[in-house]
2 protein chains.
Amino acid sequence: MISLTEENYLKELFNLSSESGEVNVNELSKRLEIKMSTVTSMMKKLAEKELVHYESYKPLKLTEKGKIEAGLIIRKHRLTEMFLVEKMGFGWEDVHEIAEQIEHIQSVGFFEKMDEQLGYPTIDPHGSPIPDKNGKIVWPTYSKLSECKAGETVRLSAVINTSSEFLKFLNVREMKLGLKIKIKSIEIFDKSMEVSYGKKPSETLSNIVCERLLVEKEGRF
Amino acid sequence: MISLTEENYLKELFNLSSESGEVNVNELSKRLEIKMSTVTSMMKKLAEKELVHYESYKPLKLTEKGKIEAGLIIRKHRLTEMFLVEKMGFGWEDVHEIAEQIEHIQSVGFFEKMDEQLGYPTIDPHGSPIPDKNGKIVWPTYSKLSECKAGETVRLSAVINTSSEFLKFLNVREMKLGLKIKIKSIEIFDKSMEVSYGKKPSETLSNIVCERLLVEKEGRF
DNA sequence: ATATAAAGTTAGATTAATCTAACAAAAATA
DNA sequence: TATTTTTGTTAGATTAATCTAACTTTATAT
Ligand SMILES: [Mn+2]
Ligand SMILES: [Mn+2]
Ligand SMILES: [Mn+2]
Ligand SMILES: [Mn+2]
């Protein structure tokens, strides 16, 4: 009923809404690398199917039905990434491209088997939450590392940018989810952080990097 | 370069060629459930891409290049079926539909990981050979059970019809690959066979069933 | 406030994959 | 051999998804 192409629009619209609140045609167009005129037509089609609220020149919004459908596609994407890492031995930098395709497989049983074999995981290999079977998603209350203060000790919980390049950058520095990071000091000039973690007594992380790392403060409970 | 649709045509053309030698437009049309006129157009397109030899009113033939491409798709299909059975716990009757979709995933690494995790299997869950990385396929010398004689003991090596209904029929009768079957007698009238296997001292198999079971004779070596 | 730039829409064209209907060739039957 | 049936092709229409080009609306800058 929903085509592969439509699924990609719904998913990207959902992701953009989470990131930036309001979504306009231009943004979605850039993200999907599809011309604005095409996006406009597709929005009208999805509005016809009651998956999107569409009014000319207004920001784009998913309907409740649209949010659920998008959530279910993202669920399949993230379950797949988890399966690829946990059960097939891929690195977290290699799974997104494959999941981008497998998320469109039409088979309830296939994803149920994955879910079961993984022990019903709630986060994917990049720390993003996996929507439940009703397509509902809840983001844990993470903070950006860049917003933390000197002296704090935090735990790396998720990464925002999941580009292969960024993830390889983290691999080289031996950073992975669950890592305990101590903020030694923050350079006022460029907001870079001097931190220590694992076997590394001192590493410098640029603000660009710190903006992309989501952490939980230690000893909250 | 080769679309999902084109892949399905190539694969079905390959399969039909193996089964019945010559393939005509009508057969391929029925198998794909696509009208003959559409098949004709597609054959012209595939001829343009040098994947098929096409001449009006002549039987359809894959080129060498076409055979290799088809073999590689079938390889992905069968590796997937094996993975679904061996690593994900599906029954052999449930894997074809899913493999029909996953065979089109574009990722060398994905199928290499499957292959590796499965220990480089050479046959799929239905006993069909898995083409090698060059798309080459070799069928072992199996015989149809229907062609065996009374008194012979054979080993079930493959099933021809892989419809879910037939495989469930075999499940009910506790028949699976590797099973040793003794042919007690053959009814001349309808060619049905009385056989014994596993814990079953006597079962009757219709000729329709025996035509679909491929076996190896015991004690060949 | 006006001009310019950016964002968004509409109209019309294109490509892939499909169909129906009319026609043509080949095969089977009488 | 002549007729009928089956198989195959061609022409033209349709749908989904895309594009370019022209135009309009909204936002930004002077
Ligand atoms: Mn991803
Ligand atoms: Mn996708
Ligand atoms: Mn199969
Ligand atoms: Mn397929």
Side-chain angles (χ1 to χ4, degrees), chain A residues 1-14 16-17 19-62 66 69-70 73 100-101 103-106, chain B residues 1-14 16-17 19-62 66 69-70 73 100-101 103-106:
Chain A
M1 207 64 233
I2 301 177
S3 72
L4 182 150
T5 307
E6 290 167 340
E7 288 192 340
N8 282 333
Y9 277 87
L10 288 177
K11 193 184 58 154
E12 236 23 72
L13 190 43
F14 187 103
L16 274 173
S17 306
E19 290 167 28
S20 42
E22 296 222 320
V23 184
N24 50 40
V25 174
N26 193 238
E27 278 178 288
L28 186 53
S29 162
K30 278 176 190 150
R31 186 67 79 91
L32 293 167
E33 296 182 90
I34 284 173
K35 293 285 175 292
M36 276 199 290
S37 59
T38 309
V39 171
T40 300
S41 323
M42 183 55 88
M43 288 308 108
K44 287 177 178 173
K45 204 213 294 191
L46 293 178
E48 207 60 46
K49 294 191 175 185
E50 305 195 330
L51 293 162
V52 165
H53 293 297
Y54 175 75
E55 285 183 88
S56 306
Y57 302 106
K58 296 267 163 66
L60 304 171
K61 287 187 72 170
L62 288 169
E69 292 298 338
I73 301 157
E100 200 61 43
Q101 299 177 61
E103 67 192 359
H104 305 291
I105 298 293
Q106 304 287 325
Chain B
M1 207 63 234
I2 301 177
S3 73
L4 182 151
T5 307
E6 290 167 340
E7 287 191 342
N8 282 333
Y9 278 86
L10 286 177
K11 193 184 58 155
E12 235 26 71
L13 190 43
F14 187 104
L16 274 172
S17 305
E19 290 166 28
S20 40
E22 297 223 320
V23 184
N24 50 39
V25 174
N26 193 239
E27 278 178 288
L28 186 53
S29 162
K30 279 177 189 148
R31 185 67 79 94
L32 293 168
E33 297 182 271
I34 284 173
K35 294 284 175 291
M36 275 200 289
S37 58
T38 308
V39 172
T40 300
S41 324
M42 183 57 87
M43 288 307 109
K44 287 177 178 175
K45 204 214 292 194
L46 293 178
E48 206 60 45
K49 294 190 176 186
E50 305 196 328
L51 294 161
V52 164
H53 293 297
Y54 175 76
E55 284 183 89
S56 306
Y57 302 106
K58 296 268 163 65
L60 304 171
K61 287 188 70 169
L62 287 169
E69 292 298 336
I73 301 157
E100 200 61 42
Q101 299 178 62
E103 69 191 358
H104 305 291
I105 298 292
Q106 303 288 324

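Fair warning: this is a prediction, and the values are worked out from it, not measured in the lab. Chain naming here is simple, since letters A, B, ... match the order of the sequence lines and numbering starts at 1 in each.
- For a distance-only test at 3.5 Å, the side chain of A:Ser37 fails to qualify as a donor-acceptor partner of the base of D:dT18.
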Does A:Glu103 form a salt bridge (charged side-chain N to carboxylate O under 4.0 Å, His left out) with A:Lys11? I'd like the steps, not just the answer.
CA-CA 10 Å; A:Glu103 67 192 359; A:Lys11 193 184 58 154; 2.9 Å; yes

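- In this structure, CD in B:Glu69 is found 6.5 Å from CG in B:Leu51, a value given to the nearest 0.5 Å.
- In this structure, the nucleotide among C:dT20, D:dC19, C:dT18 sitting nearest to the side chain of B:Lys35 is C:dT20.
- In this structure, A:Thr38 reaches the D:dC19 phosphate: one of its side-chain N or O atoms is under 4.0 Å from OP1 or OP2.
- When rounded to the nearest whole Å, the span between CD of A:Glu48 and P of D:dT15 equals 14 Å.
- To the nearest angstrom, P of D:dC19 lies 10 Å from CG of A:Leu32.
- In this structure, the CD atom of B:Glu55 is 16 Å from the C1' atom of C:dA26, given to the nearest Å.
- Side-chain contact between B:Lys61 and B:Val52: absent, with no pair of heavy atoms (C-beta onward) separated by less than 4.5 Å.
- OP1 or OP2 of D:dT18 lies within a sub-4.0 Å distance of a side-chain N or O belonging to A:Tyr9.
- The phosphate of C:dT9 has OP1 or OP2 within less than 4.0 Å of a side-chain N or O from A:Thr40.
- For the pair A:Asn26 CG and D:dA27 P, the computed distance is 13 Å after rounding to whole Å.
- Distance from the side chain of A:Thr5 is smallest for D:dT18 among the nucleotides D:dT9, C:dA7, D:dT18.
- Under the 4.5 Å side-chain criterion, counting only non-hydrogen atoms from C-beta, A:Tyr9 is in contact with A:Thr5.
- Atom pair B:Leu28:CG and D:dT7:P shows a separation of 14 Å (rounding to whole Å applied).
- Rounded to an integer number of Å, the gap from B:Lys44 NZ to C:dT18 C1' is 15 Å.
- In this structure, A:Glu6 places its CD atom 9 Å from C1' of D:dA16, rounding to the nearest Å.
- Heavy-atom nearest nucleotides on DNA chain D were determined for A:Leu4 and for B:Tyr54, and the one closer to the 5' end corresponds to B:Tyr54.
- Distance, B:Asn24 CG to D:dT9 P: 10 Å, rounded to whole Å.
- Closest-nucleotide positions on DNA chain D for A:Ser3 and B:Lys58 were compared, and the one nearer the 5' end corresponds to B:Lys58.
- Enclosure of atom CD in B:Glu19 by more than 12 non-hydrogen atoms of other residues, nucleotides or ligands within 6.0 angstrom is indicated.
- Here the side chain of A:Met36 is nearest to one of C:dC19, C:dG8, D:dT18, namely C:dG8.
- Checked against C:dT18, D:dT10, C:dG8, the side chain of B:Met42 finds its nearest nucleotide in C:dT18.
- Residue A:Val25 has its side chain nearest to C:dG8 when only D:dT18, D:dT7, C:dG8 are considered.
- One finds no side-chain N or O of A:Tyr57 lying less than 4.0 angstrom from the OP1 or OP2 phosphate oxygen of C:dA6.
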